[in-house]
Amino acid sequence: MTTTGCITHDDCLLHKPRGPHPECPARLESVHAALESHGSLARAEAPEASDDQIRLAHHPGHIEQLLTLEAKGTAQIDADTYFGPGSLRAARRAAGGSLLAVDRVLAGTWSNAFVAARPPGHHAERGRSMGFCLANNIAIAAAHARAARGIERVFVFDWDVHHGNGTQEIFYGDGGVFYASLHESPLFPHSGRASERGEGDGARATLNLPQPAGATGTEWLRAFDETVLPAMQAHRPELILISAGFDAHAEDPLANTQLATEDFAQLTRRVLDAAAELCEGRVVSVLEGGYDLRALAASVDAHVGALQGG
């Protein structure tokens, strides 16, 4: 029997912009509303990630920078990324929820898990917050699986419409974590070229599949079947992590990709089928982008339904 866990925390609503901003608490509120219909979910509250846990994927000075910003109270990190009085607590919950999800899936308590938290993380580099992201939740989770749980091979599949430059940068020289990204190009952050394949020990452990504006689910699913899946099978991961952004939806205002709600369910089922073959079904999905509230809620609903076997 499939047991799907869901981890969230109301502290993730404390990260608040000073004015209108696409990455806002209403995103998570819409996700929470969508998840209300999934009564069979096993639920847990996200703990706060410690400084040492955040350092698993970030330079030691990165947490110091965040603590300095917290002391100031409010700051604008860059044109896209804000910081307010509750931001660090929200970021700790988002990272901590990802860690707890990994722990419970690896322990066999849950078959798979979805982390409904914000701020998102995949743009945060080893030493820099950017692109709405303060700390890299998925990278912290992958590093934790290897450092604390004895996992040697992790596969990160990023289907957010924006390339996860931070996750790529953190693991670019690490062959134990394979990073694969489907994303629209050209688009922020203007990285993720097909020629970017890793370096050193991580050579050939990065896979970028940039898709043109206007691409539909047909093209994205074909790219998974023909390229991402063979890469998964070759890497033979013990755990699969999904950077689950839903901003490739046709209704999203920040991109021009044309995925339908059902396409996210189809992608999810494909990942689950691969996980059943490769790693005892162990999958952890972590919320990234998605900025049309209705499309985000519907897509999360479809994604979690598929995680539950629907």
Side-chain angles (χ1 to χ4, degrees), residues 5-36 43-49 53-54 57-58 66 69-70 74-78 80-101 113-124 129-141 158-162 164 166-167 188 241-249 252-254 264 284-301 303-304:
C6 179
I7 299 176
T8 190
H9 201 286
D10 284 346
D11 280 355
C12 292
L13 300 171
L14 299 177
H15 179 54
K16 298 178 180 180
R18 286 178 287 180
H21 196 287
E23 209 300 288
C24 58
R27 295 183 61 240
L28 188 57
E29 291 170 343
S30 72
V31 168
H32 285 168
L35 294 174
E36 288 179 1
R43 298 177 185 267
E45 288 199 332
E48 291 191 31
Q53 288 171 326
I54 292 172
H58 290 283
L66 294 177
L69 291 174
E70 184 179 44
T74 302
Q76 192 70 32
I77 296 173
D78 60 29
D80 301 308
T81 313
Y82 59 88
F83 191 99
S87 294
L88 183 54
R89 191 187 307 176
R92 287 190 188 277
R93 296 288 187 188
S98 303
L99 296 172
L100 179 60
F114 177 64
V115 182
R118 58 177 286 278
H122 73 152
H123 294 309
S129 300
M130 63 171 287
F132 306 169
C133 304
L134 301 181
N136 196 313
N137 308 314
I138 206 91
I140 293 168
D158 188 336
W159 72 47
D160 190 283
V161 79
H162 303 93
T167 312
F188 177 90
L241 304 179
I242 303 172
S243 265
F246 299 98
D247 39 7
H249 195 285
D252 198 273
L254 300 190
F264 293 106
V284 171
S285 171
V286 179
L287 180 65
E288 299 283 3
Y291 304 101
D292 179 274
L293 298 184
R294 287 185 296 179
L296 172 61
S299 300
V300 168
D301 183 42
H303 173 54
V304 172

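Residues: numbered from 1 along the sequence shown.
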Q.
Testing the basics here: between Ala101 and Val115, what is the closest heavy-atom pair and its distance to 0.1 Å?
A. CB-CG2, 3.7 Å
Q: Could you tell me if the ring centre of Phe188 sits under 6.0 Å from that of Phe132?
A: no
(Q) What's the separation between atom CG in Leu13 and atom CG in Asp10, rounded to the nearest 0.5 Å? (A) 5.5 Å
Q | Minimum-distance pair of heavy atoms, taken over all atoms of Pro120 and Asn137 | A | C-ND2, 3.7 Å
Q: Give the C-alpha distance, both sets of side-chain angles, the deciding distance and a yes or no for side-chain contact (heavy atoms from CB on, under 4.5 Å) between Phe264 and Val300.
A: CA-CA 8 Å; Phe264 293 106; Val300 168; over 6 Å; no
Q) Does a side-chain heavy-atom distance below 4.5 Å link His249 with Leu296? A) no
**Q.** Closest contact, heavy atoms only, Gly84 versus Ser87
**A.** N-OG, 2.7 Å
Q. Quick one: are Ser98 and Ile138 in side-chain contact, heavy atoms under 4.5 Å?
A. no
Q) At their closest point, which heavy atom of Ala75 faces which heavy atom of Leu69, and how far apart are they? A) CB-CD2, 3.6 Å
(Q) A side-chain contact here means heavy atoms from C-beta on lying under 4.5 Å apart; do His58 and Asn136 qualify? (A) yes
**Q.** Where Ala94 and Pro119 come nearest, the two heavy atoms and their spacing
**A.** CB-O, 3.9 Å
Q. So, do Glu23 and His15 sit near enough that their side-chain heavy atoms are less than 4.5 Å apart?
A. yes
Q) Counting only heavy atoms not in Arg294, do more than 12 fall under 6.0 Å of its CZ? A) no
Q.
Would Val304 and Cys6 count as a side-chain contact (heavy atoms from CB on, under 4.5 Å) here? Give the steps.
A. CA-CA 9 Å; Val304 172; Cys6 179; over 6 Å; no
Q: Output the distance between atom CD1 (Ile54) and atom CG (Leu88), rounded to the nearest 0.5 Å.
A: 6.5 Å
Q.
Is any side-chain heavy atom of Val31 closer than 4.5 Å to one of Phe114?
A. yes
Q | Minimum heavy-atom distance between Arg118 and Cys24, given as atom pair plus value | A | NE-O, 3.4 Å
Q | Nearest-0.5 Å distance, CG of residue Leu293 to CG of residue Leu28 | A | 11.0 Å
Q | Trp159 and Ile242, any side-chain heavy atoms less than 4.5 Å apart | A | yes
Q: Answer yes or no: is there a side-chain heavy-atom contact under 4.5 Å between Leu287 and Arg27?
A: yes
Q.
Would you say that Thr81 contacts His123 through its side chain, given a criterion of any heavy-atom pair below 4.5 Å between the two side chains?
A. no
Q. Which value, rounded to the nearest 0.5 Å, describes the distance between Lys16 atom NZ and Thr74 atom OG1?
A. 12.0 Å
Q: Check whether any side-chain N or O of Asp247 sits under 3.5 Å from a backbone N or O of Asp252 as a donor-acceptor pair, and report yes or no.
A: no
Q) Out of Glu45, His32, Arg93, which one pairs with Thr8 under the side chain to side chain donor-acceptor pair (under 3.5 Å) rule? A) His32
Q: Start with the C-alpha distance between His162 and Glu288, add both sets of side-chain angles, then the distance that settles side-chain contact (heavy atoms from CB on, under 4.5 Å), and finish with yes or no.
A: CA-CA 10 Å; His162 303 93; Glu288 299 283 3; over 6 Å; no
